[in-house]
Amino acid sequence: MTLTLVGATRVLLLRNYLSYKSAWLVFLTGFLEPVFYLFSIGVGVGKLIDSFEVNGHSIPYAEFVAPGMLAASAMNGAILDSTFNMFFKLKFQKLFDQMLATPMTTTNIAVGELSWCLLRSGLYSAAFLVVMVAMGLTHSWLAVLALPAALLIGFAVAAVGMALTSFMRSWQDFEFITLATMPMFLFSATFFPITAYGSWAWIVQLSPLYHGVALVRAANTGVFTVACIGHVLVLLAIAAVGMTVAARRLGKLLLS
Amino acid sequence: MTALPLTSAFLIGSRRSFRLVERNLYVYRHGWLVLLSGFFEPLFYLLGVGFGIGTLVGTVAGPGGQEIPYQLFVAPALLASASMNGAINESTFNFFFKLHYDKTFVSILATPLSSGDIAVGELIWALIRGGLYAIGFLVVMFVLGLVVSPWVIFAFPAALLVGFAFASVGMAATSFMKSWQDFDLIQLVVLPLFLFSATFYPIETYPPALQLIVRLTPLYQGVDLARMLTLGTLDAGPALVHLVYLLVMVVVGHVLAVRRLTRRLVV
């Protein structure tokens with residue numbers, strides 16, 4: 001029996017859906033995290049900030065933080081399933097070995113798991129967008145474009161996450177993931193403009209989340225510049241490299 | 001549960017609890033990397049929120065009413081929350097693993113150690129870990145010029161007390177946990193505590209009703225205490241309330257944890 005890529009992806013998504021059905025709480029916490037930050041930093045700390053200007057326009061601080069948190073929620077949606085859970089399935093549950101005993105191929109598995117991450121990213125960001133609309137933090141219909149941007153973030157993060165996970169030896173190595181995502185969350189122009197870094201701004205540009213945040217922010221303000229093309233290309237390039245490495249490593253780990 | 005007396009020796013444990021500390025020390029000798037993120041987390045937040053967002057905020061009213069730089073306002077709060085986070089990580093996630101999967105405690109009970117020894121030993125270990133983080137962060141504060149009062153010395157025991165309180169309560173809560181999914185409930189409690197306990201803005205920012213609620217939450221006690229000590233604006237009344245609150249957490253959490261551990265492991 002042969003399995004098309006679409007068919008295989010559908011089966012894997014169904015499998016993940018079934019196994020997550022009893023763990024819906026995990027979904028809730030991942031979504032609530034950036035919402036809590038929006039209220040604490042965006043609204044709370046925002047009250048301490050008298051006037052906040054971006055590109056010469058004075059806007060409420062929460063309006064600046066919100067797109068950053070939407071991008072972070074997209075990252076949140078992709079990271080857990082592509083790193084921690086992926087490692088569990090790979091090394092402990094031996095889930096992928098079992099799947100390979102079916103007509104599924106390693107590519108099917110990689111694409112399927114990636115689609116799952118994207119689905120989760122998309123759900124989180126869509127829910128976050130609803131929160132933003134409810135709080136009056138969006139101003140144009142173009143804000144809907146934040147969703148494809150969020151998917152792009154999820155794609156890049158999940159691909160890199162999977163690639164890195166394939167090199168992990170033990171749970172302790174995940175400490176590096178925490179040590180990488182935490183500063184990314186805080187320093188990707190999420191909470192203050194990149195101009196605050198002065199001549200160190202180039203380091204921030206190394207963070208994939210920074211490019212995501214910039215895209216979501218552009219969508220929210222409805223002002224797209226040429227730089228946006230650059231952000232899209234960077235995220236696509238990261239995703240492509242991650243995917244190539246992940247697919248190659250998975251084949252090596254599972255088939256040999 | 002049969003009448004297992006909650007005698008003082010039973011609750012406080014014996015010198016044997018240090019064997020458990022020793023055991024953890026050996027285990028972590030190969031996994032010291034795990035200790036890194038506990039040190040970097042408050043540091044990143046201090047740089048990102050304190051100094052970063054601080055460029056937008058400027059100064060903020062401290063507990064004594066005086067205007068202070070924003071990073072000085074945030075630093076003690078991060079010290080207290082780092083203690084909470086460290087204690088919760090050790091007393092919930094790791095504790096659960098040892099209790100249910102590794103069966104470490106079952107093996108330990110086959111030795112002369114009692115469940116009281118285990119609870120006390122794990123608490124001491126959580127305190128050592130929390131203490132290391134606190135010292136590390138205080139050094140960072142000193143290097144970044146955020147030490148402004150000699151009272152800051154007492155911020156260290158205050159941070160330890162916060163860790164002690166959350167470790168006890170965390171252990172008690174973990175003894176009720178059935179699966180890993182229950183840990184998301186802990187995250188759902190810890191994250192709002194971290195973000196809303198007047199950590200990043202003065203409590204006066206809230207409307208009065210919310211202020212009252214925040215004043216009743218556990219981390220706020222630690223944050224306010226650490227802030228008063230770091231800034232040297234100690235107000236005896238509130239400080240005493242914070243101390244008593246945290247001590248009650250320690251006692252209630254510990255008694256409950258020992259009782260539950262005994263029921264799960266011995267009977």
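These figures come from a predicted structure and were not determined experimentally. A, B, ... follow the sequence lines: proteins, then strands. Residue 1 opens every chain.
Contacts of A:F187 with chain B are made by side-chain atoms alone, with heavy-atom separations under 4.5 Å and no backbone atom involved. For A:Y37, the parts lying near chain B are the backbone and the side chain together; criterion is any non-hydrogen pair under 4.5 Å. Contact of A:F36 with chain B is made through backbone and side chain together, with heavy-atom distances under 4.5 Å. The part of A:Y61 that comes within reach of chain B is its side chain, from C-beta onward, which places non-hydrogen atoms under 4.5 angstrom from that chain. Of the atoms belonging to B:F183, not a single heavy atom falls under 4.5 Å from chain A.
Listed options B:Y206, B:F40, B:F196 were ranked by heavy-atom pairs under 4.5 angstrom with chain A; first place goes to B:F196. Considering only heavy-atom pairs separated by less than 4.5 Å from chain B, the leading option among A:T190, A:V45, A:D173 is A:V45. Per-residue counts of heavy-atom pairs under 4.5 Å with chain B were compared for A:L48, A:L32, A:I41, A:T178; the largest is that of A:L48. Interface check for chain B: of the options A:M182, A:E33, A:K47, the most heavy-atom pairs under 4.5 Å are formed by A:M182. Per-residue counts of heavy-atom pairs under 4.5 Å with chain A were compared for B:D182, B:V60, B:T205; the largest is that of B:T205.
Dense packing is recorded around NZ of A:K91, with more than 12 heavy atoms of other residues, nucleotides or ligands lying under 6.0 Å away.
Summarising the geometry, atom CD1 belonging to A:I153 is positioned 11.5 Å from atom CG belonging to A:L118; distances are rounded to the nearest 0.5 Å. A distance of 7.5 Å separates OG in A:S166 from CE in A:M86, rounded to the nearest 0.5 Å.
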Derivation of the ring-ring contact (aromatic ring centres under 6.0 Å, His included) call for A:F192 and A:F64: CA-CA 8 Å; A:F192 44 92; A:F64 177 80; 8.4 Å; no

What's the verdict on ring-ring contact (aromatic ring centres under 6.0 Å, His included) for A:F84 and A:F174, showing C-alpha distance, side-chain angles and the deciding distance? CA-CA 7 Å; A:F84 212 72; A:F174 283 91; 5.3 Å; yes

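Using modelled atom types and a 3.5 Å distance limit, the side chains of A:H139 and A:N220 yield no donor-acceptor pair. A donor and an acceptor atom, one from each side chain of A:S188 and A:S207, are located under 3.5 Å apart.
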